[in-house]
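If you read the sequence from its start, that first residue is 1, and numbering goes on from there. Just follow the structure's listing: the first ligand is 1, and inside any ligand the first atom is 1.
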Amino acid sequence: MGALRSVSVFGATGSIGESTFDLLVRQGGREAYRTVALTGGRNVARLAEQARALGAELAVTAHDECLDELKGALAGSGIEAAAGPTALAEAADRPADWVMSGIVGAAALVPGFRALAHGATLALANKESLVTAGPLLLDAARTHGARILPVDSEHSAIFQSLLSEDMATVERIIITASGGAFRDWPIERLAGATVAEASCHPNWAMGQRITIDSASMFNKALELIETHEFFGITPDRIEVLLHPESLVHALVGFRDGGMIGHLGAPDMRHAIGYALNWPDRAPLPVARLDLAAVGRLTFAAPDPVRYPALRLARAVMETGGLAGAVFNAAKEVALDAFIAGRIGFLDMAGVVETVLERFAASTTLGAAPRTLDIILATDGEARAVAGEVIGAGRRN
Ligand code: NDP
């Protein structure tokens with residue numbers, strides 16, 4: 001028997017991580033895969049349960065203070081336990097054929113780069129990696145003969161629509177958006193939207209942060225930038241289309257006027273399973289669409305007043321360089337502040353715009369960053385500025 005395929009899952013306890021775990025178990029678990037590392041955050045009990053089920057070699061929690069709990073939960077299993085950001089990076093240094101990048105936020109950056117440096121196939125769910133460090137990440141993959149497979153459903157859909165197509169024939173790419181929790185709300189109500197209301201997605205079951213980002217369209221803003229970075233298409237040829245049913249995930253328009261689109265049930269196990277089995281298409285446990293029962297698919301242009309995040313994303317793509325890192329960091333801090341009840345739902349876009357304006361005065365904003373350290377330093381600065389902007393707003 002040949003060697004088992006080796007896998008690591010970063011962010012195993014999250015929404016993407018659980019779907020990945022589910023597929024690994026369904027596809028044979030420890031009989032089919034050698035699990036090198038699983039990582040999580042505070043949900044230590046679940047991390048240990050997953051590690052035991054897959055017979056992982058290493059389990060890492062992002063938080064030093066959770067190490068004792070993790071060790072206790074793994075006692076007698078022979079599975080190594082570690083904690084903290086350095087341990088996360090070291091987990092990525094352990095070679096694995098396939099690595100899921102499912103940590104939320106910029107914390108996924110270092111493990112992603114380290115996995116690519118070891119030639120892994122990086123299944124990229126984490127949006128922030130391409131938004132903050134797109135060109136560097138793609139360079140790292142090229143330099144090390146590694147591969148990045150997109151897992152965000154829209155980007156997986158574009159990737160699949162482009163199979164055996166020539167990018168030179170692509171006229172435009174359209175990513176669809178459900179419109180999020182507030183798509184049917186009158187604009188006047190949005191200022192008073194609560195965290196609980198923003199955390200209910202009409203179509204997808206996802207982590208809380210991405211669900212709120214869907215309501216504000218910051219999620220789609222990140223995806224616009226990801227599309228630009230990953231597929232190397234100019235911003236003016238990327239469109240967003242509201243599609244409340246979330247069944248068409250993306251469309252590619254070609255120069256002959258034809259379009260190829262990708263349809264599927266709103267279940268992340270499709271995109272994850274596609275990346276896990278690529279270039280094969282394995283049977284997946286996702287619902288099959290009954291289009292006769294669906295009856296109709298609807299589409300509309302997004303209202304720019306309702307969704308200022310889309311305008312900000314376009315400005316970020318035009319600026320390039322470090323603008324993505326500033327945008328993402330400011331968005332993360334604004335989202336934290338909204339979740340903590342420090343700012344209102346509509347204030348998030350205002351905070352991000354103000355932070356971008358402050359950085360626009362710097363001549364280096366549009367310059368291509370040469371190292372990940374520069375990006376991480378900018379990420380830190382933008383977080384600090386966003387904190388000041390929020391603090392000043394509360395004092396006024
Ligand atoms: P979740 O919040 O559900 O899970 C995040 C994971 O990261 C958990 O394992 C969490 O651990 C861990 N984590 C949290 N903070 C840190 C940190 N500072 N350092 C290391 N690990 C940390 O997020 P999702 O699964 O929803 O999303 C993950 C990524 O995938 C995001 O970038 C998101 O935008 C993207 N994505 C998600 C989709 C979805 O359907 N959910 C769809 C497309 C993209 P713990 O929970 O144990 O604390």
Heavy-atom contacts under 4.0 Å between I210 and ligand 1: side chain, backbone, both, or neither?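 Side chain only.
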Regarding ligand 1, does [X] bring an N or O atom to under 3.5 Å of one of the ligand's N or O atoms?
{"X": "S153", "result": "no"}
{"X": "G17", "result": "no"}
{"X": "A205", "result": "no"}
{"X": "H63", "result": "no"}
{"X": "T39", "result": "no"}

Give the atom numbers and elements of ligand 1 that come within less than 4.0 Å of a heavy atom of [X].
{"X": "G207", "value": "3 (O), 26 (O), 41 (N)"}
{"X": "G14", "value": "1 (P), 3 (O), 4 (O), 8 (C), 9 (O), 25 (O)"}
{"X": "G11", "value": "6 (C), 7 (O), 9 (O)"}
{"X": "A107", "value": "17 (C), 18 (N), 19 (N)"}
{"X": "M206", "value": "39 (C), 40 (O), 41 (N)"}
{"X": "E128", "value": "32 (O)"}
{"X": "A125", "value": "30 (O), 35 (C), 36 (N), 44 (C)"}
{"X": "L88", "value": "20 (C)"}

Is it the case that atom CZ in R147 sees more than 12 heavy atoms from other parts of the structure closer than 6.0 Å?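 At most 12 heavy atoms, drawn from other residues, nucleotides or ligands, come within 6.0 Å of this atom.
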Supply the atom-to-atom distance T176 OG1 to E223 CD, rounded to the nearest 0.5 angstrom.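 Answer rounded to 0.5 Å: 8.5 Å.
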Atom OG of S178 and atom CD of E245: how far apart are they, to the nearest 0.5 Å?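 Output value for this atom pair is 10.5 Å.
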V389 vs R358 side-chain heavy atoms within contact, under 4.5 Å: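 SC-SC contact between V389 and R358 confirmed.
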Y307 versus V240: any side-chain heavy-atom pair under 4.5 Å?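 The answer is no, as the side chains (C-beta and beyond) never meet within the 4.5 Å cut-off.
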